[in-house]
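Single-structure report; data block below.
From a predicted model like this one, the values you see are computed outputs, not experimental measurements. Position 1 is the first residue of the sequence; numbering continues from there. Note that ligands are numbered from 1 as they come in the structure, with each ligand's atoms numbered from 1 the same way.
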Amino acid sequence: MYDLKVFTGRAHPDLAREVCSYLSIPLGQAEIKTFSNENIFVRINESVREADVFVIQPSCSPVNDGLMELLIMIDALKRASAARICAVMPYYPYARSDKKDQPRVPITARLVADLLTVAGATRVVTIDLHASQIQGFFNIPVDHLTALPIIASYFKKRAIPSLVLVAPDAGRAKLAARYAEVLRAPMAIIDKRRIGNEDLAKATYMVGDVEGKNALLVDDEITTGGSLVEAVGILKDHGAKDIYFACTHAVLTAEATGRIRESGVKEVVVTNSVPVDERKRADNITVLSVGRLLAGAIRCIHSGGSIGRLFEQEW
Ligand code: R5P
């Protein structure tokens, strides 16, 4: 059996430490710094020869530096003779650039897959991809986890009466249906369209009945909060009572927290797939941890166990 080792880049060391504490192993020792010419330097400070190595590095600000740092760490580990190198990216970089839907645009999520593979990654672990077909951009195994059981279990415990699950756009209809099934609630769908290539969204119609009911909007990520504001507005117009919002990735740009505060949403539930520092937290934001989920997945991968089984347990 190979030794199990977990390393972290500078993107989210708190999450890596939490994962290591679930695994009861110390965090791998590495030195990472940025020289004055902005070149990143990495030195792995312990032997990884023939080890099973996991590098935790979600995509978060500064996104491009974090990605480059991950690639450099993987290269260092490969040259240090690690047996297997798994890139653990709870939030996948450039996930929204997943198709050529306009003339002369790139598929950057595919480019990232190629970069990771060339660097030396032999496996990828990620959570709630914006489009699950991104898995197919890789010719190495991808374990695509979901935070759905963690978030759904939180709402099960809240036992909110007359709950209706709401997809904020057609793309999230399947996600809302999965939540609706687990929470045994009906669902509705909002028709939201993106306007141009700016971070602008407009919600115009709704399919389903939310009149007098409590609504739970579910999405993969919240970035500017624009989609949330649009969705809350249309839900209020249709007579919804309390409105909750849940998503996995709390990207949360500078304007998002103020928008959440002013939107009238009762509670926003996110995970720590990316760091959610104090500045970003409004009073009504609840952060759930994906640390135990990632530790469970790493344990399964290392020992050859079933990841599917992870989702059969209570969260
Ligand atoms: C869009 O397709 C995604 O699923 C999210 O709805 C979107 O990324 C949220 O971004 P924002 O908070 O900027 O509206």
Of the side chain and backbone of [X], name the one, both, or neither that has a heavy atom under 4.0 Å from an atom of ligand 1.
X      : result
Asp219 : side chain
Glu230 : neither
Thr224 : both

Thr8-Gln57 side chain donor-acceptor pair, cut-off 3.5 Å: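 Distance-only check fails for Thr8 and Gln57.
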Glu267 versus Tyr154, side-chain donor and acceptor atoms under 3.5 Å: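 Yes, side-chain donor-acceptor contact under 3.5 Å.
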Determine whether more than 12 heavy atoms belonging to other residues, nucleotides or ligands lie under 6.0 Å from atom CD of Glu255.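 Atom CD in Glu255 is crowded, with more than 12 foreign heavy atoms closer than 6.0 Å.
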Pairs meeting criterion salt bridge (Lys or Arg N to Asp or Glu O under 4.0 Å) with involvement of residues 33-42, two or more places apart: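 Found Glu31-Lys33.
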Report yes or no: does Leu228 have a heavy atom closer than 4.0 Å to ligand 1?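 It does not; every heavy atom stays at 4.0 Å or beyond.
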Within less than 4.0 angstrom of ligand 1, does Gly225 place any heavy atom?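 Yes, Gly225 has heavy atoms under 4.0 Å from ligand 1.
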Is the closest basic N to carboxylate O distance between Lys280 and Asp277 below 4.0 Å?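 Result for this pair is no, no salt bridge flagged.
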State plainly whether the residues Glu18 and Arg292 are in salt-bridge range, i.e. N to O under 4.0 Å.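 Looking at Glu18 and Arg292, the cut-off is not met.
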To which of Leu217, Leu175, Leu252, Thr223 does the heavy atom nearest atom 12 (O) of ligand 1 belong?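 The option holding the nearest heavy atom is Thr223.
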Option of least heavy-atom distance to atom 9 (C) of ligand 1 (set: Glu255, Glu221, Arg259):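 Heavy atom nearest to atom 9 (C) of ligand 1 belongs to Glu221.
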Filter on side-chain hydrogen bond (donor to acceptor under 3.5 Å, both in side chains), then keep only pairs touching residues 159-175, sequence neighbours left out; what's left?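 For residues 159-175: His130-Arg172, Asp169-Lys192.
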Atom indices of ligand 1 within 4.0 angstrom of [X] heavy atoms, with elements:
X      : value
Ile222 : 12 (O)
His130 : 1 (C), 2 (O), 3 (C), 4 (O)
Ser227 : 6 (O), 9 (C), 10 (O), 11 (P), 14 (O)
Asp220 : 3 (C), 4 (O), 5 (C)
Lys192 : 1 (C), 6 (O)

Quick one: closest heavy-atom pair of Asp128 and Asp220, and the distance?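 Nearest pair, atom of Asp128 first, then Asp220: O-CB, 4.5 Å.
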